[in-house]
Amino acid sequence: MIGFKLQILWHFLLFRWQRRMRYNQKLVHQLRATKENRWRKNLQKSPFYKELSGQSLSQFPIMDKSSFMAHFDDINTVGIAKEEAFKVGLDSEKSRDFSPTIRGITIGLSSGTSGNRGIFLASQKERAIWVAAVLDRVIGFSLRKRKVAFFLRANSTLYESVNSSILQFQFYDIKSDMAQHCQTVAATRPHILVGQPSVLMHIARYFEEKQIAARFEKVISVAEVLENDQKAYLEKVFKKRIEQVYQCTEGFLAHTCKAGFLHFNEDWLLIEKKYLDEEKKRFHPVITDFLRTTQPIIRYELNDIIHEGVACSCGLKTMQIAKIEGRSDDVFEFDHAGKTITIYPDFIRQAVAFSSDVIDNYVVTRQSEKKIGLFIEVSKGDFLNAYGKAESALQSLFEIFGIPGITIIREEEQLLQKGVKFKRIRNESRQTI
């Protein structure tokens, strides 16, 4: 354990020393190039990438979740089979004991549905680098004693292993009793609160209802898309700017800068952009991670819909993210009059959110080609009036896009399902771009 903490300290100091370089575009590229040179040597251990290790990145195939998992055994550099890794990961999910490893390699599952889950592998060195990066860019350094409350779907020995006299991590399993968790957080008063937006909203409502003054030093949103209205409400209750971390199975991708905007970690990530519209407003990021060696992430196309930001006032030369719109899985596509009509999640959000000022939350679900489910949550005001306005707004949206014959049905739903990422826009018909 001491060796692991020394590794974390070393990489943390390295990130700190390199921090000033991220304000210079040329130095950012140099940092990434240095990491790439070391990373290429490691590809000789991957049966899948061995023959490509000396080629330019443009010669590497673009991967997605399906192809990545299909070649899992040959991609990883430590000889771990997919069936073995999946069994260990699934057993951990069931037992809620996330300590088991395979030959010292940590195994984790992404939170996809059964049969569509991703598996990630991380060595001790990669875990140390991840912790160091999070301490540097998310938690922040301080010599004062601080407590961090993590609300996550799955725990990891990472958090407990970092515990020290000045930094203590407490994991809260979101599959457990949230009411009890809220009481514990209110009583123990952690300095830093980390959780997905739907969980943070639950905690914020508890604090507001109980009239508890929030005194968090940092509130950090992870895992789900943080909507503008959620952000505004959380900042009102917690009286803090809500910071974000963009992270997924494929790695730690982006962090919030001092000006409050997300930036890709381009000092070790190469981001290619696959544009989704003619205006080049939206793109899928195609990720190459030069720090991942156990399970190389090379030209991995995420289905997140990203809007690129402008040059940031913070001075960082890494790419700013203006918005994470959602996933392409949740784009609504309609076939009409011999053409495909695409409606991105932002249009649906705006239609419902602007239809009535008494709607607190909502879910729009595409259930089939012409059937849309609508759920709204109203704490004050006339529910039926608000629902009627939201329904009319959606019908108007579909008419503007030239899509006739849409049926909207009223849904009843529990907004916060334990252990499941909350999404307002859902495409359950599986017609995706």
Side-chain angles (χ1 to χ4, degrees), residues 110-111 134 137-140 148-153 172 174 178 185 192-208 214 216-265 282-285 302-309 312 314 319-331 344-350 352-354 359-364 377 415-417 419-426:
S110 66
S111 55
V134 169
R137 302 183 185 188
V138 182
I139 303 298
V148 183
F150 266 91
F151 282 80
L152 299 172
R153 180 189 60 82
Y172 291 85
I174 62 173
M178 276 300 300
V185 167
I192 299 170
L193 177 65
V194 183
Q196 56 201 57
S198 53
V199 171
L200 296 179
M201 291 288 288
H202 194 117
I203 297 169
R205 290 193 183 104
Y206 177 86
F207 271 61
E208 189 173 47
F216 303 112
E217 293 178 6
K218 279 179 178 265
V219 180
I220 301 165
S221 170
V222 298
E224 299 169 355
V225 173
L226 178 64
E227 307 274 6
N228 289 335
D229 62 314
Q230 291 176 321
K231 186 172 185 288
Y233 175 73
L234 293 172
E235 290 181 341
K236 182 190 76 171
V237 175
F238 294 140
K239 296 179 173 54
K240 285 289 178 183
R241 184 182 74 192
I242 307 302
E243 300 184 17
Q244 296 183 66
V245 172
Y246 180 21
Q247 178 170 300
C248 52
T249 311
E250 294 69 39
F252 176 24
L253 304 181
H255 69 287
T256 299
C257 71
K258 61 186 179 183
F261 297 99
L262 276 170
H263 286 255
F264 278 114
N265 292 314
R282 300 170 170 88
F283 68 89
H284 282 174
L302 300 175
N303 66 353
D304 295 330
I305 303 171
I306 305 296
H307 294 228
E308 184 176 353
C312 188
C314 76
M319 188 192 307
Q320 185 205 112
I321 299 172
K323 180 190 299 183
I324 303 174
E325 186 171 340
R327 292 185 178 272
S328 285
D329 289 345
D330 298 311
V331 170
Y344 287 98
D346 263 4
F347 293 108
I348 301 167
R349 288 190 183 98
Q350 290 173 8
V352 178
F354 295 159
I359 295 177
D360 295 321
N361 218 337
Y362 59 90
V363 176
V364 179
E377 186 178 59
L415 278 177
L416 183 58
Q417 301 176 44
V420 178
K421 288 183 181 179
F422 172 68
K423 294 192 295 184
R424 281 178 167 170
I425 315 301
R426 305 175 184 175

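- To the nearest 0.5 Å, atom CZ of residue Phe151 and atom NE2 of residue His202 are 9.0 Å apart.
- Looking only at side-chain heavy atoms (C-beta outward), Val222 and Phe150 stay at 4.5 Å or farther from each other.
- A salt bridge is defined here as a Lys NZ or Arg NE, NH1 or NH2 lying under 4.0 Å from an Asp or Glu carboxylate O, and Lys236 with Glu208 meets this definition.
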Original post:
Can you list the steps and then say if Phe207 with Phe216 is a ring-ring contact (aromatic ring centres under 6.0 Å, His included)?
Top reply: CA-CA 12 Å; Phe207 271 61; Phe216 303 112; 5.7 Å; yes
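- Atom CG of Asp360 sits about 11.5 Å away from atom CD of Gln230, to the nearest 0.5 Å.
- If you take CZ on Arg205 and CG on Leu234, they are separated by 9.0 Å, rounding to the nearest 0.5 Å.
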**OP:** Apply side chain to side chain contact (heavy atoms under 4.5 Å, CB included) to Arg349 and Val225, showing your working.
**Re:** CA-CA 12 Å; Arg349 288 190 183 98; Val225 173; 4.3 Å; yes
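- Residues Lys218 and Ile192 form a side-chain contact, since some pair of their non-hydrogen atoms from C-beta on lies under 4.5 Å apart.
- When side chains are defined from C-beta on, Leu193 does not count as touching Ile220, because their heavy atoms never get closer than 4.5 Å.
- Between Cys314 and His263, some side-chain heavy-atom pair lies under the 4.5 Å cut-off.
- Closest heavy-atom contact between Val138 and Glu243: O-OE1, 4.2 Å.
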Original post:
Taking it one step at a time, do Ile306 and Ile324 satisfy side chain to side chain contact (heavy atoms under 4.5 Å, CB included)?
Top reply: CA-CA 5 Å; Ile306 305 296; Ile324 303 174; 3.8 Å; yes
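- Minimum heavy-atom separation, Thr256 to Gln244: OG1-N, 2.7 Å.
- Looking only at side-chain heavy atoms (C-beta outward), Tyr362 and Glu377 stay at 4.5 Å or farther from each other.
- Going from atom CD1 of Ile348 over to atom CZ of Arg426 covers 13.0 Å, rounded to the nearest 0.5 Å.
- In this structure the side chain of Leu200 reaches within 4.5 angstrom of the side chain of Ser221, judged on heavy atoms.
- Listed here is the closest heavy atom pair of Val199 and Met178: CG1-CE, 3.8 Å.
- For the atom pair Leu226 CG and Asp229 CG, the distance stands at 9.0 Å (nearest 0.5 Å).
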**OP:** Apply the test side chain to side chain contact (heavy atoms under 4.5 Å, CB included) to residues Tyr246 and Asp304: give CA-CA distance (whole Å), side-chain angles for both, the deciding distance (0.1 Å), then the verdict.
**Re:** CA-CA 11 Å; Tyr246 180 21; Asp304 295 330; 2.5 Å; yes
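- Ion pairing between a basic and an acidic side chain is recognised when a charged N comes within 4.0 Å of a carboxylate O; Glu235 and Arg241 show no such pairing.
- Summarising the geometry, atom NE2 belonging to His307 is positioned 9.5 Å from atom CZ belonging to Phe283; distances are rounded to the nearest 0.5 Å.
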**OP:** Starting from the C-alpha separation in whole Å, work towards a yes-or-no answer on side chain to side chain contact (heavy atoms under 4.5 Å, CB included) for Glu227 and Arg424.
**Re:** CA-CA 9 Å; Glu227 307 274 6; Arg424 281 178 167 170; 3.3 Å; yes
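- The shortest side-chain heavy-atom distance between Leu253 and Asn265 does not fall under the 4.5 Å cut-off.
- Aromatic ring centroids of Tyr233 and Phe238 lie 6.0 Å or more apart.
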